[in-house]
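Only one structure is covered here, and it is reproduced in the block below.
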Amino acid sequence: MAKKKSSRKKARNQREIDNRRDWHALLQCITVIAQMDPWDMLAEDDTCACLTADGSQMIFFSCVKDDEQGLIVFPSVREYRRASVEPGSTAEELRNFIESENYTVFFTFQDDVPPETRKFYERLSVDFGEGLWPWIFHKRRGDLGALLAKEDAHFMLDCLGNFCMMLKALQKFDRKPDAAAGEMLVRYYSEKDDLWLNRIAPASLLPEPEFPRYVVKENSPAFRHLKELPVSADHPKTEFDFGWVTAPGQDAPDFRLLAVVTDRETGEVLNYYDCRPDDAPECIFLTVAEAWEEYGLPRTLYICRDDSESYFIDLVQHLGLKLKRVKRLPAAARFLREMDAI
């Protein structure tokens with residue numbers, strides 16, 4: 001037993017050493033990027049993307065310079081498009097913000113660096129002197145954002161390490177990408193050359209990745225119970241949707257997700273729950289399952305969002321129900337408005 005404890009402690013110590021090494025390398029990488037002054041090389045609307053080694057994903061970078069300089073990392077095509085497309089309304093703009101994920105490197109004076117980050121830098125023995133100090137903010141889906149988690153340093157090091165190499169390549173080019181002409185700066189791995197290459201190319205984005213599909217566990221008691229439910233005679237058509245309560249509670253770190261099931265024909269609210277973003281899958285399943293337990297299975301479940309489809313497509317197939325994607329869910333939308341959710 002003592003050996004097992006010793007082994008676990010050794011592994012934990014090694015993880016801490018590795019993480020500390022990643023943070024030192026990450027901050028050094030950020031320093032090199034800042035010294036190259038990318039804000040002078042690239043405009044905010046210039047598209048800079050790095051494909052992963054297997055070519056399946058794209059990570060995007062944006063240089064911003066408002067009141068203070070910053071670098072934004074968008075971890076997917078979806079997140080970059082979300083930030084690039086002009087919203088059609090204030091509500092859409094707010095929902096886009098709530099559901100967005102990105103990483104921002106801020107450069108501020110030492111006094112403006114969050115105290116938690118300053119203490120962490122002290123433990124790392126890092127000091128940026130009288131110049132600008134970098135610190136990293138991570139905005140996740142459904143939350144208000146927080147300082148970068150220590151364990152995410154390796155991911156950011158990989159992202160910004162690639163961006164650093166893109167900037168070094170751009171310094172050698174005779175021109176920068178022309179966004180107005182539909183060009184972008186792209187970095188990718190060439191299997192033929194066994195090299196990472198950088199070039200100015202016509203802007204071309206990969207398709208947005210599908211949302212993760214939630215697969216039914218056929219042997220689970222919850223699914224077996226749903227399988228035995230009768231089809232509802234009173235509620236053959238139901239709607240499912242979810243929104244976000246737009247005013248987080250005092251000192252709350254995130255927005256509340258509000259899930260609802262309604263009758264499409266009568267507008268009756270059959271069930272609803274709210275939850276934290278991390279609990280969304282369980283909350284959404286519970287909202288639907290309880291409604292079906294009380295009223296019976298619908299013949300058709302109506303949805304209006306890609307991510308809603310990812311939650312239910314496997315479930316309805318196993319239950320023999322129809323899943324129909326529509327543009328509007330009047331009953332569900334009315335309930336969400338009444339609850340100050342978007």
Side-chain angles (χ1 to χ4, degrees), residues 78 82 89 91-92 94-96 98-100 141-142 208-218 220-246 254-342:
R78 177 181 294 111
R82 194 197 304 274
S89 64
E92 183 181 345
L94 181 54
R95 181 154 187 150
N96 279 347
I98 293 172
E99 295 188 340
S100 67
R141 176 183 171 92
E208 290 188 14
E210 293 184 356
F211 285 96
R213 180 180 293 194
Y214 292 86
V215 179
V216 168
K217 296 179 181 178
E218 296 185 59
S220 70
F223 174 74
R224 291 203 303 268
H225 178 64
L226 290 178
K227 191 79 173 173
E228 296 170 356
L229 295 176
V231 174
S232 176
D234 298 325
H235 306 284
K237 298 179 180 180
T238 60
E239 299 176 348
F240 169 84
D241 201 7
F242 70 92
W244 301 91
V245 180
T246 55
D254 47 38
F255 295 86
R256 303 289 294 184
L257 181 144
L258 180 59
V260 62
V261 178
T262 58
D263 185 291
R264 184 167 178 80
E265 297 178 325
T266 68
E268 180 183 355
V269 176
L270 304 181
N271 198 27
Y272 66 92
Y273 274 108
D274 74 302
C275 68
R276 295 192 59 212
D278 290 345
D279 299 325
E282 295 80 6
C283 175
I284 288 171
F285 179 79
L286 184 63
T287 304
V288 171
E290 285 192 0
W292 292 352
E293 287 173 3
E294 183 169 353
Y295 300 104
L297 297 173
R299 295 190 183 277
T300 306
L301 177 64
Y302 292 80
I303 58 171
C304 69
R305 305 181 192 280
D306 290 340
D307 36 1
S308 295
E309 184 174 9
S310 72
Y311 284 115
F312 296 116
I313 189 168
D314 194 57
L315 178 62
V316 297
Q317 287 175 354
H318 281 80
L319 293 176
L321 311 179
K322 292 181 180 179
L323 186 66
K324 190 168 183 179
R325 175 77 177 267
V326 294
K327 289 185 177 180
R328 295 179 181 83
L329 302 171
R334 183 167 54 251
F335 171 79
L336 292 173
R337 282 197 305 271
E338 291 171 353
M339 299 295 287
D340 292 326
I342 59 170

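None of these values were measured; they are calculated from a predicted model.
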| said: Could you check whether atom CZ of Arg325 has more than 12 heavy atoms from other residues, nucleotides or ligands sitting under 6.0 Å from it? | reply: yes

| query | Quick check: are there more than 12 heavy atoms from other residues, nucleotides or ligands sitting under 6.0 Å from CD of Glu210? | reply | no

| field | Nearest heavy atoms of Asn271 and Leu286, plus distance in Å | value | ND2-O, 3.9 Å

| field | Sole candidate of Leu319, Leu297, Val216 that passes side-chain contact (heavy atoms from CB on, under 4.5 Å) when paired with Lys227 | value | Leu319

| request: For the residue pair Phe240 and Phe242, categorise the inter-ring angle as parallel (less than 30°), tilted (30 to 60°) or perpendicular (more than 60°). | output: tilted

| task | Could you give me the CA-CA distance, side-chain angles and deciding distance for Phe211 and Arg78, then say whether side chain to side chain contact (heavy atoms under 4.5 Å, CB included) is met? | result | CA-CA 10 Å; Phe211 285 96; Arg78 177 181 294 111; 3.5 Å; yes

| query | Salt bridge check: are Asp307 and Arg141 linked by an N-O gap of less than 4.0 Å? | reply | yes

| query | How about Leu323 and Glu309: do any of their side-chain heavy atoms sit closer than 4.5 Å? | reply | yes

| field | side chain to side chain contact (heavy atoms under 4.5 Å, CB included) assessment of Ile313 paired with Arg213 | value | CA-CA 8 Å; Ile313 189 168; Arg213 180 180 293 194; 3.3 Å; yes

| note | Here the pair of heavy atoms bringing Ala341 nearest to Leu258 is CB-CD2, 4.1 Å

| When you measure from the side chain of Arg95 to the backbone N and O of Ile342, does any donor-acceptor pair fall under 3.5 Å? | yes

| query | side chain to side chain contact (heavy atoms under 4.5 Å, CB included) between Leu336 and Asp241: does it pass, once the steps are laid out? | reply | CA-CA 9 Å; Leu336 292 173; Asp241 201 7; 3.9 Å; yes

| Any donor-acceptor pair under 3.5 Å linking the side chain of Arg299 with the backbone of Val231? | no

| request: Please report the closest heavy-atom contact between Glu239 and Ala332, naming both atoms and the distance. | output: OE1-N, 2.9 Å

| task | Taking the side chain as every heavy atom from C-beta outward, state whether Met339 and Val269 have any atom pair closer than 4.5 Å. | result | no

| query | Is it the case that more than 12 heavy atoms not belonging to Phe335 sit under 6.0 Å from its CZ atom? | reply | yes

| query | Any idea which heavy atoms bring Pro277 and Phe255 closest together, and the distance? | reply | CD-O, 3.3 Å

| request: Might you confirm whether atom CZ of Arg224 has over 12 heavy atoms from other residues, nucleotides or ligands at distances under 6.0 Å? | output: yes

| field | Approximate separation, where rounding is to 0.5 Å, of Ile303 CD1 and Thr300 OG1 | value | 12.0 Å

| field | Sole residue of Tyr295, Tyr302, Trp292 in ring pair (Phe, Tyr, Trp, His ring centres under 6.0 Å) with His235 | value | Tyr295

| query | Mind checking whether Lys322 and Pro298 have side chains closer than 4.5 Å, heavy atoms only? | reply | no

| Would you call Lys324 and Lys237 a side-chain contact if the rule is heavy atoms closer than 4.5 Å? | no

| query | For the atom pair CG (Leu257) and CG (Asp279), what is the distance rounded to the nearest 0.5 Å? | reply | 9.5 Å

| How many angstroms lie between CG in Leu270 and OG1 in Thr287, if you round to the nearest 0.5 Å? | 11.5 Å

| Checking side chain to side chain contact (heavy atoms under 4.5 Å, CB included) for the pair Ile284/Phe312: CA distance, chi angles, key distance, verdict? | CA-CA 10 Å; Ile284 288 171; Phe312 296 116; 3.5 Å; yes

| task | Assess Arg305 against Tyr311: is NZ or CZ under 6.0 Å from the centre of the six-membered ring, and within 45 degrees of the ring's axis? | result | no

| For the student: nearest non-hydrogen atoms of Asp263 and Glu265, plus distance | OD1-N, 2.8 Å

| said: What's the separation between atom CD in Glu99 and atom CG in Leu94, rounded to the nearest 0.5 Å? | reply: 10.0 Å

| note | Residues Pro212 and Ser310: closest non-hydrogen pair is O-CB, 3.3 Å

